[in-house]
Amino acid sequence: MKPLPQHVCELTRKGLQWARTGHPWVYRDDLASAQGAHGDVVLVACQGKVLGTAFLSVRSKISLRWIERSAEPAEPDPAFWRARIERAHARRQALALRTNAYRVVHDAADGIPGLVVDRYGPVAVVQTTIAGTERLLPFLGEELGGLVGAGAVIARNDLLVREKEGLEREVRVLSGAEPGPAAEAGRGKPWRVWVHEDGPGGRVLFHVDPRSGQKTGAYLDQRENRWRAAELARGRFLDAFSHGGLFALHAAKRCSEAVAIDSSEAALELCEEAAARNGIGNLRCERANVFDRLKEACEKGERFDTVVLDPPAFAKSRAEVPAAARGYRELNRRAMEILSPGGVLVTCSCSYNLGEPQFLDVLRTAAADARSSFTVLERRGQASDHPVLLSHPESAYLKCVVLRKE
Ligand code: SAH
């Protein structure tokens, strides 16, 4: 075994108390002393007692991210990381029977802080958000494909948060060739891959572009919510903020008609291609601003039996919460108005800064505005491959509330 890291970071007593909560981060103010360079693996200690290992950042307010908590931690060598990735992948085995598009590693909840790995069939996409995991890129380029069964590995490192760690934003192929016949790609063209999800209405194929699509190519975090929405769907179905229309694609077969609305032309192109590929003839895509389109629907007296609202995060910071709440209120009020009696509203918020109790408050106000009464059928969260650490409440960001109009 290789020697353990030589550099030691000492926690203050307050830092020790915080560490005992199990939170995966240690803030700068909670360090009594720090040795080591940006991105190093360091030993964490308090008053000379070893507590474990962590990645060190000298740039961010989050100085340490725990790798292992133990008085005798292991050296985080390639075998160590391989084991963590294998464990995370094994946890997705049941899910992998229903889809080949899933998150393999979800940051600290899978024991690898600062790393996300998404798999889209033959392509694995990695995002490293801290200097510590940035150093794992050569290892990931060499081994990740073999570990998760993908032929190519792409680093989708164009995230803004990387700047907090002083990391460049870039997208590059770490290993492998353009995926074979499963992909329809050409030089300079998007690297598109067909993947599938087996929902309650059967298999849905959809196109992802891991190099330049939204997120790493798809909104994997909504998968089980899409499946649930499809189970509840009937009549006229509205997929508002549809992106590639995955809610609608899963629900369409159970509905008389499905309408997908998004402001992005590229997203609607994906939706139209997928509708054709899946032989779905009752799905219509509309390019519009959802706020305007819902207002118009209300004015015209248009009715839907199932409505999905899946807007982007309106509150990216705490300061934005009041304005965001107004946006959610307006949207939900309109959606509630156009819903026919007995209809189902699946309404989501991915703003971490707006917690579930606040979101429910917004929905109550919206229902009062719409002069309607609703039953809460379900309160849901993010997909099972985006696990939440109990001790890391910040990692529970997605709310999905299912309401029935009385
Ligand atoms: N429901 C999707 C994910 C939606 S992400 C899925 O399950 O895959 C949010 C989408 O909202 C993005 O595709 C974005 O292009 C779109 N969007 C953002 N603001 C919008 C607006 N005002 N009107 C319409 N679409 C909008």
Side-chain angles (χ1 to χ4, degrees), residues 99 101-103 118 120 193-197 199-201 204-210 212-233 237-252 258-275 278 280 283-297 306-316 320 323-324 326-335 338 345-352 380-386 397-402:
T99 178
Y102 53 90
R103 178 152 296 186
D118 288 339
Y120 294 105
V193 191
W194 282 105
V195 289
H196 67 266
E197 281 180 3
V204 166
L205 291 159
F206 59 103
H207 232 171
V208 293
D209 172 3
S212 58
Q214 296 185 21
K215 290 242 196 172
T216 57
Y219 290 86
L220 300 174
D221 53 359
Q222 286 283 25
R223 179 191 316 101
E224 281 92 330
N225 295 332
R226 291 193 281 264
W227 291 349
R228 187 66 187 127
E231 282 169 357
L232 297 166
F237 184 95
L238 176 62
D239 181 357
F241 303 95
S242 65
H243 186 241
L246 277 171
F247 272 101
L249 289 163
H250 278 291
V259 180
I261 303 178
D262 203 280
S263 54
S264 155
E265 188 75 53
L268 293 177
E269 242 173 61
L270 292 175
C271 183
E272 270 162 7
E273 277 173 351
N278 291 288
I280 293 171
L283 168 55
R284 186 158 47 81
C285 295
E286 280 183 35
R287 186 171 182 199
N289 179 331
V290 170
F291 284 89
D292 299 339
R293 180 62 178 82
L294 287 184
K295 185 162 180 271
E296 196 189 297
T306 319
V307 176
V308 174
L309 284 183
D310 184 19
F314 291 158
K316 297 229 164 73
E320 289 173 4
R326 284 195 294 277
Y328 288 118
R329 175 175 171 178
E330 149 98 13
L331 274 180
N332 281 282
R333 174 215 160 161
R334 300 282 186 203
I338 61 171
L345 171 63
V346 178
T347 179
C348 310
S349 162
C350 56
S351 300
Y352 158 70
R380 309 173 55 89
Q382 61 227 38
S384 60
D385 52 347
H386 292 54
Y397 61 94
L398 184 63
K399 277 91 36 199
C400 173
V401 180
V402 184

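Remember, it's 1-based here, ligands and their atoms both numbered in the order they're listed.
- Between R333 and E330 there is no salt bridge, since none of the side-chain N atoms of the basic residue sits less than 4.0 Å from a carboxylate O of the acidic one.
- Which parts of ligand 1 touch S264 is read off a 4.0 Å heavy-atom cut-off, strictly below it: atoms 15 (O).
- By the 3.5 Å distance cut-off applied to N or O atoms, L246 is not counted among the residues near ligand 1.
- Remark: ligand 1 and F241 share an N or O pair separated by less than 3.5 Å (distance only, no angle test).
- Proximity to F247 (heavy-atom distance under 4.0 Å) selects the following atoms of ligand 1: 1 (N), 7 (O).
- Summary of contacts: the protein heavy atom closest to atom 6 (C) of ligand 1 is R226 NH1, 3.6 Å.
- Considering backbone and side-chain atoms alike, D239 places every N or O at 3.5 Å or more from each N or O of ligand 1.
- Between Y328 and S349 the shortest heavy-atom distance is OH-OG, 3.2 Å.
- Atom 10 (C) of ligand 1 has D262 OD2, 3.4 Å as its closest protein atom, hydrogens excluded (heavy atom only).
- With hydrogens left out, the protein atom closest to atom 22 (N) of ligand 1 is N289 OD1, 3.2 Å, a heavy atom.
- Rounded to the nearest 0.5 angstrom, R293 CZ and I261 CD1 are separated by 4.5 Å.
- With a heavy-atom cut-off of 4.0 Å, A240 does not touch ligand 1 at all.
- The pair K215-D118 does not meet the salt-bridge criterion, since no charged nitrogen lies less than 4.0 angstrom from a carboxylate oxygen.
- Heavy-atom contacts of A288 reach the following atoms of ligand 1: 23 (N), 24 (C) (cutoff under 4.0 Å).
- Contact analysis leaves G244 out of contact with ligand 1, as no non-hydrogen atom separation drops below 4.0 angstrom.
- The closest heavy-atom contact to atom 1 (N) of ligand 1, among the options D292, D310, L309, comes from D310.
- Between Y219 and H243, the ring planes are perpendicular. Angles over 60° get that label, and only those under 30° would be called parallel.
- Inter-residue side-chain proximity for Q222 and D310 is flagged as met; some heavy-atom pair is nearer than 4.5 Å.
- Ring planes of F314 and F291: tilted class, angle from 30 to 60°.
- Checked against a 3.5 angstrom limit, the closest N/O atoms of Y219 and ligand 1 fall outside it.
- Of all heavy-atom pairs between C350 and P311, the closest is SG-O, 3.8 Å.
- Every atom of ligand 1 is numbered from 1 in the order shown, and the set under 4.0 Å from a heavy atom of H243 is 2 (C), 3 (C), 4 (C), 13 (O).
- At under 3.5 Å, not a single nitrogen or oxygen of Q222, backbone or side chain, sits near a nitrogen or oxygen of ligand 1.
- Taking 4.0 Å as the cut-off between side-chain N and carboxylate O, R380 and E224 do not count as a salt-bridged pair.
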